[in-house]
Protein chains: 2
Amino acid sequence: MSNNTIFIEKLRSSGLRPTRQRIEICKLLFDRKDTFHFTINDLNNSLTRITNEKISLATIYNTIHAFKEKGYLKEISINSNKTYFDTNISNHHHFFDEDNKELIDLNDKDVGKVKIKKILPGKKIKSVEILVKVANNN
Amino acid sequence: MSNNTIFIEKLRSSGLRPTRQRIEICKLLFDRKDTFHFTINDLNNSLTRITNEKISLATIYNTIHAFKEKGYLKEISINSNKTYFDTNISNHHHFFDEDNKELIDLNDKDVGKVKIKKILPGKKIKSVEILVKVANNN
DNA sequence: TTCCTAATTTATAATGATTCTAAAGTAGAG
DNA sequence: CTCTACTTTAGAATCATTATAAATTAGGAA
């Protein structure tokens with residue numbers, strides 16, 4: 001379990017105790033080649049499918065919020081009743097497929113450089129997110 | 001009330017019966033010089049403040065959804081527990097001020113032209129929305 | 001190791017926006 | 001004026017998320 005060690009370190013270094021639950025969630029989120037998008041519900045389902053021991057929904061919410069706080073996850077701006085998260089924390093944008101409610105990455109070279117020319121006095125830009133909604137042709 | 005006549009026509013021509021409630025909402029939303037952003041809660045508050053006769057929350061939801069369906073309103077993509085609407089239906093983008101949870105328009109000339117270079121086979125682009133999150137400097 | 005304390009997990013309740021329901025009211029064509 | 005389909009409405013239901021408060025656990029100190 002050398003991977004666990006990495007996650008334990010990651011958690012410790014962010015001031016989070018490496019609990020069984022958090023390590024389990026780390027493995028599910030970060031121990032893979034490609035990044036992906038998920039909702040809390042998705043994550044809960046995956047967790048119950050993969051691990052034998054149940055992790056409480058409240059813990060999942062707590063952990064995901066902590067990870068977001070620490071910058072290990074990004075929350076995607078979409079108006080849905082559910083919140084979408086992304087394990088890809090690099091600067092990028094999204095397609096949102098309205099037919100199957102799925103997010104698809106749009107990396108920087110897929111989108112021309114965006115230049116915001118307006119400024120709001122006293123306000124600092126925290127993020128620039130582009131959401132391209134798509135649906136079937138018909 | 002020549003304005004009412006305009007709204008009655010607008011409603012009729014979209015297959016919506018011009019009820020007292022819908023006209024009241026039309027006046028509040030569209031009888032003004034500048035467009036604006038609102039949540040259902042905002043609208044409900046304004047309505048109770050302005051009109052004497054109470055309009056049910058369910059009616060407000062129904063009406064706003066109908067107006068959105070007809071293209072008289074836009075729903076803004078933001079991940080908040082509340083849904084934000086915009087009476088400005090032209091193509092434009094937004095700042096979202098995280099301090100006071102307020103939307104501010106970014107018109108086309110405030111944002112360099114966005115070019116989406118990636119295509120998804122069989123999918124058509126429905127909208128391109130840019131959300132620039134801002135907050136106080138500190 | 002054993003204790004101790006603060007951090008964490010957990011089940012469950014609470015919240016809050018939105019949607020549903022089904023009964024009462026209304027617009028408007030004939 | 002009547003009739004019917006469309007609307008409104010209050011209140012219940014839903015569903016994601018957050019709060020609560022008791023039980024558990026991590027990990028440093030003794």
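Chain letters run A, B, ... following the sequence lines, proteins first and then strands; every chain starts at 1.
Scored by the ring pair (Phe, Tyr, Trp, His ring centres under 6.0 Å) test, A/Phe95 finds no partners at all (sequence neighbours excluded). Residues passing the side-chain contact (heavy atoms from CB on, under 4.5 Å) test with B/Arg32 are B/Leu28, B/Phe36, sequence neighbours excluded. Take A/Asp42 and apply the side-chain hydrogen bond (donor to acceptor under 3.5 Å, both in side chains) test, not counting sequence neighbours, and it matches A/Thr39. Partners of A/Asp34 according to the side-chain hydrogen bond (donor to acceptor under 3.5 Å, both in side chains) rule, which considers only residues two or more places apart in sequence or in another chain, do not exist here. The side-chain contact (heavy atoms from CB on, under 4.5 Å) test applied to A/Lys124 returns A/Lys126, B/Asn137, not counting sequence neighbours. Looking at residues two or more places apart in sequence or on another chain, you find no side-chain contact (heavy atoms from CB on, under 4.5 Å) involving B/Asn62. A/Phe85 pairs by the ring pair (Phe, Tyr, Trp, His ring centres under 6.0 Å) definition with A/Phe38, not counting sequence neighbours. Residues meeting the side-chain contact (heavy atoms from CB on, under 4.5 Å) test with A/Ile78, sequence neighbours left out: A/Ser80, A/Tyr84, A/Phe96, A/Leu103, A/Leu131. Contacts of A/His92 classified as ring pair (Phe, Tyr, Trp, His ring centres under 6.0 Å), with partners at least two apart in sequence or in another chain: A/His94.
Close approach of DNA chain D to chain B, defined as any atom under 4.0 Å from a non-hydrogen atom of the protein, starts and stops at D/dA5 to D/dA10.
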Produce a footprint string for nucleotides 22-30 of chain C: one letter per nucleotide, 5' end first; B if the base is under 4.0 Å from any protein heavy atom, S if only the sugar-phosphate is, - if neither. -----BS--

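Taking every heavy atom of residues 58-82 of chain B and every atom of DNA chain D, pairs under 4.0 Å involve B/Ala58, B/Thr59, B/Asn62, by number.
Residue contacts for A/Thr83: at a heavy-atom cut-off of 4.0 Å it reaches the sugar-phosphate backbone alone, with no base atom in range.
Take the nearest nucleotide of DNA chain C for A/Ile55 and for B/Leu57: the residue whose nucleotide is more 5' is A/Ile55.
Atom C1' of nucleotide C/dT9 and atom CD1 of A/Ile25 are separated by 11 Å, given to the nearest angstrom.
Note on ring orientation: taking the six-membered ring where Trp is involved, the planes of A/Phe67 and A/Tyr72 are perpendicular (angle over 60°, cut-offs 30° and 60°).
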